[in-house]
Every structure is written in C-alpha cells, then in structure tokens.
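Quantities reported herein were computed from a predicted structural model and do not represent experimental measurements. Every chain is numbered from 1, with letters handed out A, B, ... down the list of sequences.
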2 protein chains.
Amino acid sequence: MERMSLKQQQQRLREDVILQAVNSLLAEKGYDLMTVDGVAAVVGIAKASLYKHFESKERLAAAAMVRLLDRTLEIIESQAASAAPLDKLTSIVRWAVREHLRGQMPALPSTRSALREALIAHKPYVDRLIRVTEHLGGWIEAAQHEGAINPRLSGEVVLYTVFARACDPVSDFLKLSGAYSDEEIVELIAETCFSGLATRPS
Amino acid sequence: MERMSLKQQQQRLREDVILQAVNSLLAEKGYDLMTVDGVAAVVGIAKASLYKHFESKERLAAAAMVRLLDRTLEIIESQAASAAPLDKLTSIVRWAVREHLRGQMPALPSTRSALREALIAHKPYVDRLIRVTEHLGGWIEAAQHEGAINPRLSGEVVLYTVFARACDPVSDFLKLSGAYSDEEIVELIAETCFSGLATRPS
DNA sequence: GTCTATAAACCGATAGAC
DNA sequence: GTCTATCGGTTTATAGAC
C-alpha cells in the first residue's frame, strides 16, 4: 500500500515536471508550434516515453491547462474575503501578467483553435474553468453593486477583458523594448485595464 | 506598351484576390496553421501557380501584411485634420475591431513568431509600419498635450495598447456569445480601451 | 517505463509538360 | 502561367526490444 503510494507520488512528480515544460512551451510557441519532440527534449526523455504518461498531444496540453487553472484557483482562494472586490480582481490580473512575463502563461485557447474543441470536451478542464468563472463573476457583480466597476458593462464583457489581459501582447512588446521592469509592466497593464488610456478626472 | 499595362493590371487584380484570401486565412488560423495548399484551394488555382506570383510562404504573408498596412494608412489619412486627436485614435481602434470582426485582421506578428523575423527584414513592410507608427505617435502626443490621454502613460504604452486592440480576443468571445451586434462589440472594445473597466467619476 | 526505429500523414517547395 | 506529380523534411503516433 505504502509502496504503491510512493510510486504514485514519484509518477506524480515526474508528470509535474513534464507539465511545467509543457506550460512553458505552450507560452513560448503556442499549441500548434509546440512539438511533442520538443517537450521530450526539454524533459530529457524519449517521445515514446511521454506517450506512456499522456495518450495524445491534446491530452498533454489539456493536463497543462488544468494545472494552470488549479494554480489560478489557489490564487483566487488565497484572496482575503474582506478585501474590496475590485482589489481582488486587480490582484488576479497582476498575478496573471506576472505569470505571463515569467513565460508560464499559455496562450488563451483561441476561438478558432483545434485545441479549444478538445478542451471543452475535457471535463476536468471545464469543471475548473467554471469554478474560476464563478469566483470572478461573483467579484465582478459585487464590484458593480458597490459602484466600483462601470455598471454599463455586462459581467461577460468584464470577465472576458480580465481573462484577456493574462495574454495581452502589450506586455511582450513592453518587455522587448527593455525600458520597463517586470513589475512596472504589471502595473501598466493593470492600470490601462481598469482605468483606460484616457485621462481620468480626479 | 498598352498590352503590357493591361496584362500588369490583370496580374495585379489576380494577386489582390490572392492577398485577400491570405488575409482571411491569416486572420482565421494564423501564419503557422495557414497552408499554401489552403490558400490555393480558396483562390481556386494550383499551389505551383501561387509560387509563380510569390516566391515563398513568408513573402506571401508579408505581401498580405503590406496590403493591410496600406489600407490602415488610407484610414489614417482620411481622418479630418481638425478632429480631436483622441477621437482620431478612437476611430482607428473602431475600424480595426470592425476589420477583426469581418475576419480580415491578421493576428499581430507575435514577438516569438518565425514570421516576425521575416517581416522586420522586409523593407516594404517596415516602411509602412514606421509611417503608421509616426501618424499614431503624433496623435498620441497631441492628445496628451491637450490633456485627453493619461500623461502618466508613455507614448509607447499607448501605441502598443491601441495596436493590441485590433486583435483582442475579447471581441471573438463576445461575438461567440451571440449577445451583441458587431457594432456593439466595437463600442465595447473602444470604451474599455479608453475608459477602462472601473467606474469613471462624471 | 525507457529506448530506437518506423509508419502514416502533412507541408513547403520544385520539376517538367502543356 | 497553369497544371500534375513528386521530393525532402517534419510531425504525431506506434511497434517492439530491453
């Protein structure tokens, strides 16, 4: 029994190393340009060995996305319940941009990606996505109720906009320019997201 | 001489049909997923015939991007000189989102794309990109000078943010939801871009 | 479980006939 | 210029030895 558990733990650890590599490659090149050979090379094992752990490239990417959503849920649930909803939403955006700059944020599954269809058919992924959406949706509603978020925007629009900031190419271009530290970029994305480009009357 | 000109016009027309198909496929699947076979199939000619017009897939995509920037310059130069800089910038964002929703806006050449390197080495592309950047940069500076755009944001940040809205996945998801007309989506993206998600004190 | 070797499919690009 | 046919390379996925 204990032997079994140890072996399972080892396998779990190995698969976690694999998924970290997948997340990194997914962020670097996206699903289509990521090759299974490349993943195997980064992990340091043969491609055929990878297929003993994950039955297909799609499942491999799905497992990496599930891992990302699990980490997202951790961050969400670590927010102080007493904090203002708008502050909690801002914290999530900051965390997501930080992950993006670290090269650990896979690109959003585009509406026209082949991966997207596989993901929405993968229950573990959808379950977690629903949980993330419900958490953020609740915060958005609360923020609008207390007048902190523009009530003329539907919750849907706010939610998608928050999601999209996690993969905003603006952070890549700002990083490429070399004129900003990572934390400055995080602040700039958060500020333009919530306050916009136009001047705010103070 | 006239025969020559007519033939050239015909070729020009044919190549424009090709580039429109490329722009559409570039918007639909991105550079890597776009196949030369697919382009030929949409146009209705054989792949080998395509290579008589464009020497490589990269050049094909580059020509399509040049065509896009030429249309962008047309829109930019059609703006009334007397209009407020912020209004002109908003008009460009609206036009770009509209093109995106029509499926005619190729994805931004990512910082890590193979296409990007080919593009920055392609002078006709770079020349037009510089002209677009100079126009928009002038408007941004003017808008900040008259207090319409947040002066704490560098021109670089504003410029990249405006560019990025052209390919914002938020518009795709809103379209997918079916709850909004195209023009409503255009307004929502423009409003969140310039005014942000948070409430504005009026 | 890990490896090497390979199958099957696809893609970019070219050859050569018309 | 357009076509068919094909080359060379890559990719996902599998077979079989250890």
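The side chain of B:Tyr51 lies closest to C:dT14 when the candidates are D:dG1, D:dT12, C:dT14. Ranking D:dT12, C:dC3, C:dG12 by closeness to the A:Ala48 side chain, first place goes to C:dC3. Among D:dA13, C:dT2, C:dA13, the nucleotide with an atom closest to any side-chain atom of A:Ser56 is D:dA13. Here the side chain of A:Arg14 is nearest to one of D:dG1, C:dT2, D:dC3, namely C:dT2. Each of C:dA13, D:dT4, C:dC11 was ranked by its minimum atom distance to the side chain of B:Thr35; first place goes to C:dC11. Nearest nucleotide to the B:Gln11 side chain, out of D:dT2, D:dA13, D:dG1: D:dG1.
Here the side chain of A:Thr199 pairs a donor or acceptor atom with the backbone of B:Gly147 at under 3.5 angstrom. A:Ser49 places no side-chain N or O within 3.5 Å of a backbone atom of A:Ile45 that could act as its donor or acceptor partner. Using modelled atom types, one side-chain atom of B:Thr161 and one backbone atom of B:Val157 make a donor-acceptor pair closer than 3.5 Å.
Rounded to a whole Å, the CE atom of A:Met34 is 8 Å from the P atom of D:dT12. If you measure from atom CG of B:Asp32 to atom C1' of D:dT11, you get 14 Å, rounded to the nearest angstrom. Atom CG of B:Leu33 and atom P of D:dT11 are 14 Å apart (whole Å). Here C:dA13 presents its P atom at 11 Å from CG of B:Leu50, a figure rounded to the nearest Å. For the pair A:Glu58 CD and D:dA13 P, the computed distance is 7 Å after rounding to whole Å. The distance between atom CG of A:Leu115 and atom P of D:dT12, rounded to the nearest whole Å, is 13 Å. Between the OH atom of A:Tyr31 and the C1' atom of D:dT11 there is a distance of 11 Å, rounded to whole Å. The NZ atom of B:Lys57 sits 9 Å away from the P atom of C:dC11 (whole-angstrom rounding).
Listed pair A:Ser49 / C:dG1 fails the phosphate criterion, with no side-chain N or O lying under 4.0 Å from OP1 or OP2. Using a 4.0 Å cut-off, no side-chain N or O of B:Arg59 falls inside it from OP1 or OP2 of C:dG12.
A:Tyr160 and B:Ser177 share no side-chain donor-acceptor pair at under 3.5 Å.
Residue contacts shown for A:Lys52 include a base, since a base heavy atom lies under 4.0 Å away.
Ion pairing between a basic and an acidic side chain is recognised when a charged N comes within 4.0 Å of a carboxylate O; B:Arg165 and B:Asp168 show such pairing.
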